[in-house]
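Following: one structure in structure tokens, then a few remarks.
Quick note: residue numbers are just sequence positions, from 1.
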Amino acid sequence: MMVDVWDGIAVFGSDDCLAWTRQAGNLLKEPGTIPTDRYKGNHVDVVVSNGRAWLFYFVHQGGADAEGKDREWQHRSVIQVVELKYAGGALTCDRNAPTHIALAPR
């Protein structure tokens, strides 16, 4: 289960959907380095396709991405996608790595 905690995305795991354990750290807490992705990630959804998992999220356009723009620019949001990886019992993602996605048709 992934929860937007307004400080990145908290990840919880459960074997029975009754007892939940929180994974250390939050995904997407630190801003990315790619233009339009330089804010913490918000409101995620996961799509699994072809044996791979994709994390879709949005970011507001504040900070460096809003410099020189009108005041309303920071209310603009951009949808991003990153591949989720599972290793060592934890989910991770590298939002600064190139993402190549090809979803299979339903």
(request) Using a 4.5 Å cut-off on heavy atoms from C-beta on, say whether the side chain of V47 contacts that of F56. (result) yes
(message) Any non-hydrogen side-chain atom of S14 less than 4.5 Å from a side-chain atom of T21?
(response) no
(request) Could you state whether V82 and L84 fall into the same hydrophobic cluster, counting links through intermediate Ile, Leu, Val, Met, Phe, Trp or Tyr residues with side-chain heavy atoms under 4.5 angstrom apart? (result) yes
(message) Same cluster or not: M1 versus V44, using hydrophobic residues (I, L, V, M, F, W, Y) connected whenever any side-chain heavy atoms lie under 4.5 Å apart?
(response) no
(message) Are D45 and F58 packed together at the side-chain level, in the sense that at least one heavy-atom pair is separated by less than 4.5 angstrom?
(response) no
(message) Any non-hydrogen side-chain atom of H60 less than 4.5 Å from a side-chain atom of N42?
(response) yes
(message) Within the 4.5 Å heavy-atom criterion, are R95 and L27 side-chain neighbours or not?
(response) no
(message) Counting C-beta onward and ignoring hydrogens, is there a side-chain heavy-atom pair between I9 and Y57 closer than 4.5 Å?
(response) no
(request) Quick one: pull up CD in Q61 and OG in S77 and give me the separation to the nearest 0.5 Å. (result) 7.5 Å
(request) Indicate the atoms forming the closest heavy-atom contact of A53 with V46, along with that distance. (result) CB-CG1, 4.3 Å
(message) Tell me whether the rings of H43 and W6 are parallel (<30°), tilted (30 to 60°) or perpendicular (>60°).
(response) perpendicular
(message) Just checking D7: does its CG atom have more than 12 heavy atoms from other residues, nucleotides or ligands closer to it than 6.0 angstrom?
(response) yes
(request) State, yes or no, whether a side-chain contact exists between L55 and V81 at a heavy-atom distance under 4.5 Å. (result) no
(message) Would you say V48 ends up clustered with V11 if hydrophobic residues are merged whenever their side chains have heavy atoms under 4.5 Å apart, either directly or through other cluster members?
(response) yes
(message) Between K40 and E30, does any side-chain N to carboxylate O distance fall below 4.0 Å?
(response) no
(message) Looking at A104, is its backbone amide N or carbonyl O close enough to the side chain of S49 to form a donor-acceptor pair, meaning the two atoms are under 3.5 Å apart?
(response) yes
(message) When you measure from the side chain of N96 to the backbone of T33, do you find a donor-acceptor pair of N or O atoms at a distance under 3.5 Å?
(response) yes
(message) I need the minimum non-hydrogen distance between N50 and A102, along with the two atoms involved.
(response) ND2-O, 3.3 Å
(message) Just to verify, which of K29, R22, Q23 counts as forming a side-chain hydrogen bond (donor to acceptor under 3.5 Å, both in side chains) with N26?
(response) R22
(message) Less than 4.5 Å apart, side chain to side chain, heavy atoms only: is that true for I79 and V59?
(response) no
(message) What I want to check is whether the side chains of T36 and Q80 have a donor and an acceptor closer together than 3.5 Å.
(response) yes
(request) Determine whether the side chains of D94 and T92 contain a donor N or O and an acceptor N or O closer than 3.5 Å. (result) no
(message) Between W20 and Y86, is there shared hydrophobic-cluster membership here, with clusters defined by ILVMFWY side-chain heavy atoms closer than 4.5 Å?
(response) no
